[in-house]
Each structure stands twice: as structure tokens, then as C-alpha cells.
Amino acid sequence: MSFKKENRKILICAGGTGGHIIPAITLGKNLTGYDVFYICGNRDIERKIYKTFDLNPTVLDIKSFNPFSYILKFPSLLFDSLKIVSSINPRTVMITGNYISFSVGLAALLFGKKIIILEQDAIIGKTNKIFSFFSYKIFTGFPAPFRYVNNKKIIHIGHILRENIFEFSKDNNLIIDSTKKTILIFGGSQGAKNVAKKVLDFLCPLNEIYNIILVAGNHYDDFKKYKNITVLPFYENMGYLYSISDIVISRSGAISVAEIKALNKKVIFIPFESASNKEQIINIKKINLDPNRFIVIREKKLSKENLISSIEKLLSIKNENKSFYNDLYKQIGMVKQYV
């Protein structure tokens with residue numbers, strides 16, 4: 001199949017969670033010389049993330065995945081996706097996975113568009129796996145091999161990390177007691193609210209010892225009752241939060257793990273084990289972290305005792321002010337060869 005070189009339009013479908021959206025936006029904003037368009041779902045957090053980056057995506061009317069309701073809604077999603085692809089008429093459609101990408105990928109296939117996949121997890125997700133059969137290339141955060149896909153299509157570009165985790169400014173509105181150690185809690189939308197509530201219930205009695213910062217994202221209103229801690233909505237200046245934090249408590253989505261590794265932070269991972277194919281556990285195993293700087297607590301075993309003992313153990317380890325800078329421009333150059 002040939003694709004018209006004079007067409008410089010790229011349509012990127014990225015929705016669901018920040019782990020899908022932020023790498024796609026970072027990549028898209030750096031694809032100079034191309035007209036880049038975005039599609040996302042209809043969740044508030046998706047809109048907020050795009051708004052933070054001054055982007056106005058086309059929105060598909062879907063907020064979550066429930067198999068029965070998704071089947072009923074799919075004809076209208078496909079119809080809308082066909083209209084969007086037809087109207088924009090891109091040369092390339094990039095999908096990042098999950099239920100948001102399925103109807104868009106199918107519309108791209110029906111219109112004969114070049115399909116590129118961006119997969120940041122250690123395991124290729126179901127939607128990306130399906131469209132891998134029809135894709136031109138698959139850009140991955142982890143190196144091959146991957147099961148159930150044609151590994152000849154894979155281009156290992158590494159994880160696409162937002163620039164502002166390395167280059168950031170001080171937030172003078174964020175008041176932190178410099179005499180205390182700081183614990184940063186964040187890590188995605190998938191089941192993160194219940195875990196965050198547990199963690200805060202364990203740690204809030206210790207707020208005289210620790211600064212506690214929670215990036216609550218879409219669940220910001222659910223945490224207003226917690227006193228003497230800092231609760232933030234989706235926060236764009238993440239590099240600053242990382243820089244002032246002694247320990248991170250996080251889910252283990254691919255981008256969270258990659259950012260933590262790049263900044264060499266000490267971390268307690270609480271993986272989302274209901275995630276498809278257990279990829280959050282495999283992300284930790286494959287990222288090659290310093291074994292002295294992270295602890296994994298399985299969600300079923302999360303207790304006040306093992307959380308506090310894990311914090312104390314990590315705090316006893318010497319801080320290291322070093323990071324592993326991500327060569328974003330090299331990654332963009334690799335992508336430009338194929339879009």
C-alpha cells in the first residue's frame with residue numbers, strides 16, 4: 001500500500017489514562033513539519049490533560065469500558081470515527097491502545113490509512129495486538145520480542161517522557177516544610193482512588209513527620225476531607241514535584257515507571273493487578289530499576305505496618321542527585337522516518 005507523501009496530516013488517538021495521553025501529546029507536539037490532530041474519550045481527566053497542553057482534541061462520546069454497553073455503543077462510535085477520519089483525511093493514524101482506539105483504528109483500516117501503533121507497556125494490549133496485523137510499524141517503550149505480534153514491525157524507541165520532568169520551574173504556590181521528608185503519591189486512574197485512600201489513612205496521622213502530596217487527578221473532590229496534606233488535581237509541573245520528593249508511592253504504569261527510573265527516585269510501587277495481562281507487574285520487572293531503590297507492595301498485602309516500614313527502609317538509603325536524560329529528539333527522529 002502506498003501513502004501520499006504530500007499529505008502531512010497525522011491523527012493521533014490517545015485517551016483513557018495519562019499513560020496513553022501524555023506520551024502521545026509529547027510525541028505529537030514535537031513532530032515538526034506535520035499537521036497533528038488528536039482524538040480522545042469523554043472523561044473529564046482526558047479533557048483536562050489536553051487542556052493543560054493547550055490542545056483541543058476531537059472527543060468520542062465514551063467514558064469507560066463495559067463490554068455490554070460498549071457493544072451497544074460501538075455502531076455510533078464507528079460512525080463518528082469514520083466521519084472524523086474522512087474529514088481530517090490524514091496520511092497516518094497513530095493509535096495508543098485501549099477501548100478509545102478500537103473504532104478509530106477500524107475507521108483508519110476501512111479508509112486505507114497508514115496505521116502506526118504506539119505501545120509503551122511491557123505487554124502489547126488487546127487493541128494494539130489486534131491492529132498490529134494491519135499496522136505499518138509498532139513503536140515500543142520496551143525492546144522486542146513481544147508475543148503474538150510480528151516483531152519485524154517493531155521499532156524500539158524507548159519511553160516517550162515529557163520534557164518538563166527534566167526541565168521545570170519552582171512552584172512558589174506550593175508551600176513545603178523543608179525540615180520534613182516529602183512523600184509524593186500518584187499513579188494513574190485505574191483503581192488508584194481506593195489505594196490512595198488507604199495510603200492516606202495510614203500516613204495522615206504522620207503528617208507532623210512527613211510532607212504528604214497527593215496528585216489526585218480526576219478524583220480531586222474525593223480527597224478534600226483530608227487535612228494537613230497537599231492535594232492537587234492533574235499537575236503539569238511534575239518535574240518540580242519529583243525534585244522535592246524523597247519517596248514516590250505509585251502504581252506501575254509504563255510511563256510512571258520510566259519517569260521514576262529516569263529521575264532515579266526511591267519508590268514504593270503498588271501495582272494495579274487487575275490490569276489486562278498483569279502488565280504493571282511486568283513493567284517493573286523489565287525496566288531494570290536499581291533494586292535498592294524500589295519496593296513492591298502487592299495491593300492485597302498493603303497495610304500500615306508494611307507501608308511505614310517500606311518508607312523507613314527507603315529513607316535510610318542515601319539520596320543520589322542523578323538522572324538519566326531521555327533523548328526525545330532522537331526518538332522523534334526515529335518516528336519521523338515512518339509516519
Side-chain angles (χ1 to χ4, degrees), residues 16-19 64-65 98 120-123 125 141-142 180-220 222-223 225-226 228-232 241-242 245-261 263-319:
T17 66
S64 63
F65 180 74
N98 83 19
Q120 296 283 274
D121 275 308
I123 294 178
F142 291 90
K180 300 179 184 178
K181 298 294 185 181
T182 298
I183 299 172
L184 171 63
I185 306 165
F186 75 99
S189 60
Q190 299 187 94
K193 182 173 75 171
N194 293 335
V195 169
K197 282 186 174 181
K198 274 189 178 182
V199 170
L200 289 181
D201 288 341
F202 297 151
L203 294 184
C204 278
L206 303 174
N207 58 35
E208 292 186 0
I209 303 173
Y210 303 119
N211 299 308
I212 301 170
I213 303 173
L214 171 68
V215 181
N218 212 35
H219 303 300
Y220 177 75
D222 296 308
F223 293 94
K225 69 176 184 179
Y226 290 93
N228 300 317
I229 69 169
T230 301
V231 181
L232 301 168
L241 288 190
Y242 278 125
S245 301
D246 296 282
I247 291 177
V248 177
I249 299 176
S250 174
R251 289 298 203 188
S252 52
I255 296 303
S256 296
V257 174
E259 288 182 348
I260 287 163
K261 178 183 179 180
L263 298 175
N264 200 34
K265 301 302 295 184
K266 292 183 283 190
V267 60
I268 297 170
F269 288 120
I270 307 172
F272 180 53
E273 298 194 50
S274 296
S276 175
N277 299 317
K278 308 291 186 185
E279 72 264 16
Q280 290 211 355
I281 296 170
I282 297 172
N283 288 339
I284 300 170
K285 292 179 179 178
K286 286 198 170 185
I287 200 72
N288 194 28
L289 293 159
D290 182 338
N292 296 313
R293 300 182 70 78
F294 78 95
I295 292 172
V296 177
I297 300 178
R298 307 301 276 261
E299 192 167 340
K300 291 180 180 179
K301 296 185 177 181
L302 178 61
S303 67
K304 183 175 181 178
E305 290 73 22
N306 64 9
L307 181 64
I308 292 173
S309 66
S310 296
I311 290 170
E312 291 173 347
K313 181 179 178 180
L314 289 173
L315 286 176
S316 69
I317 296 169
K318 184 179 178 181
N319 284 327

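If you read the sequence from its start, that first residue is 1, and numbering goes on from there.
Side-chain contact between I270 and V199: present, with at least one pair of heavy atoms (C-beta onward) separated by less than 4.5 Å. Using a 4.5 Å heavy-atom cutoff, the side chains of L232 and L241 are in contact. Put simply, the side chain of F223 reaches to within 4.5 Å of the side chain of K197, judged on heavy atoms. Side-chain atoms of I260 and F294, non-hydrogen and from C-beta on, never get closer than 4.5 Å to each other. Here the side chains of L206 and I311 are not in contact, with every heavy-atom distance at 4.5 Å or above. Within the 4.5 Å cutoff, the side chain of F269 has heavy atoms near those of the L289 side chain. Contact annotation: the side chain of I281 approaches that of R298 to within less than 4.5 Å [non-hydrogen atoms, C-beta and beyond]. F142 has its side chain out of reach of I123: every pair of non-hydrogen atoms, C-beta onward, lies at least 4.5 Å apart.
In this structure, NZ on K278 lies 10.0 Å from CD1 on I282, to the nearest 0.5 angstrom. Atom-to-atom distance recorded for S316:OG and L314:CG is 7.5 Å, nearest 0.5 angstrom. I229 contributes atom CD1, which lies 6.5 Å from atom CD1 of I185 (distance to the nearest 0.5 angstrom). To the nearest 0.5 Å, the span separating CD1 on I183 from CG on L315 amounts to 7.0 Å. Note: Y242 OH to T182 OG1 = 15.0 Å, rounded to the nearest 0.5 Å. The line from CD of E259 to OG of S250 is 9.0 Å long, rounded to the nearest 0.5 Å.
The two residues V195 and L302 have their closest heavy-atom pair at CG1-CD2, 4.4 Å. Of all heavy-atom pairs between L200 and P205, the closest is O-CD, 4.3 Å. For the pair I287 and K261, the tightest heavy-atom approach, listed with the atom from each and the gap, is O-NZ, 2.8 Å. Residues K286 and A122 come closest through the heavy atom pair CD-CB, 3.9 Å. When all heavy atoms of R293 and K318 are compared, the pair lying nearest together is NH1-O, 3.3 Å. Heavy atoms only, all atoms of each residue included: V231 and A216 are closest at CG1-CB, 4.0 Å.
Using a distance-only test at 3.5 Å, with no hydrogens or angles considered, no donor-acceptor pair links the side chain of K193 to the main chain of D222. Side-chain atoms of N306 come within 3.5 Å of backbone N or O of K301 as a donor-acceptor pair. The main-chain N or O of F272 is found under 3.5 Å from a side-chain atom of Q280 such that the two form a donor-acceptor pair. A donor-acceptor contact shorter than 3.5 Å is absent between the side chain of S256 and the backbone of S252. Using modelled atom types, one side-chain atom of K180 and one backbone atom of N207 make a donor-acceptor pair closer than 3.5 Å.
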Step by step, would you call T230 with N211 a side chain to side chain contact (heavy atoms under 4.5 Å, CB included)? CA-CA 8 Å; T230 301; N211 299 308; over 6 Å; no
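Here the rule is side-chain hydrogen bond (donor to acceptor under 3.5 Å, both in side chains) with K266, and of N319, D290, D246 only N319 fits it. If you run side-chain contact (heavy atoms from CB on, under 4.5 Å) between I249 and each of I295, I297, V267, L307, only L307 comes through.
Of the charged side-chain nitrogens involved, at least one lies within less than 4.0 Å of a carboxylate oxygen, so that R251 and E299 count as a salt-bridged pair.
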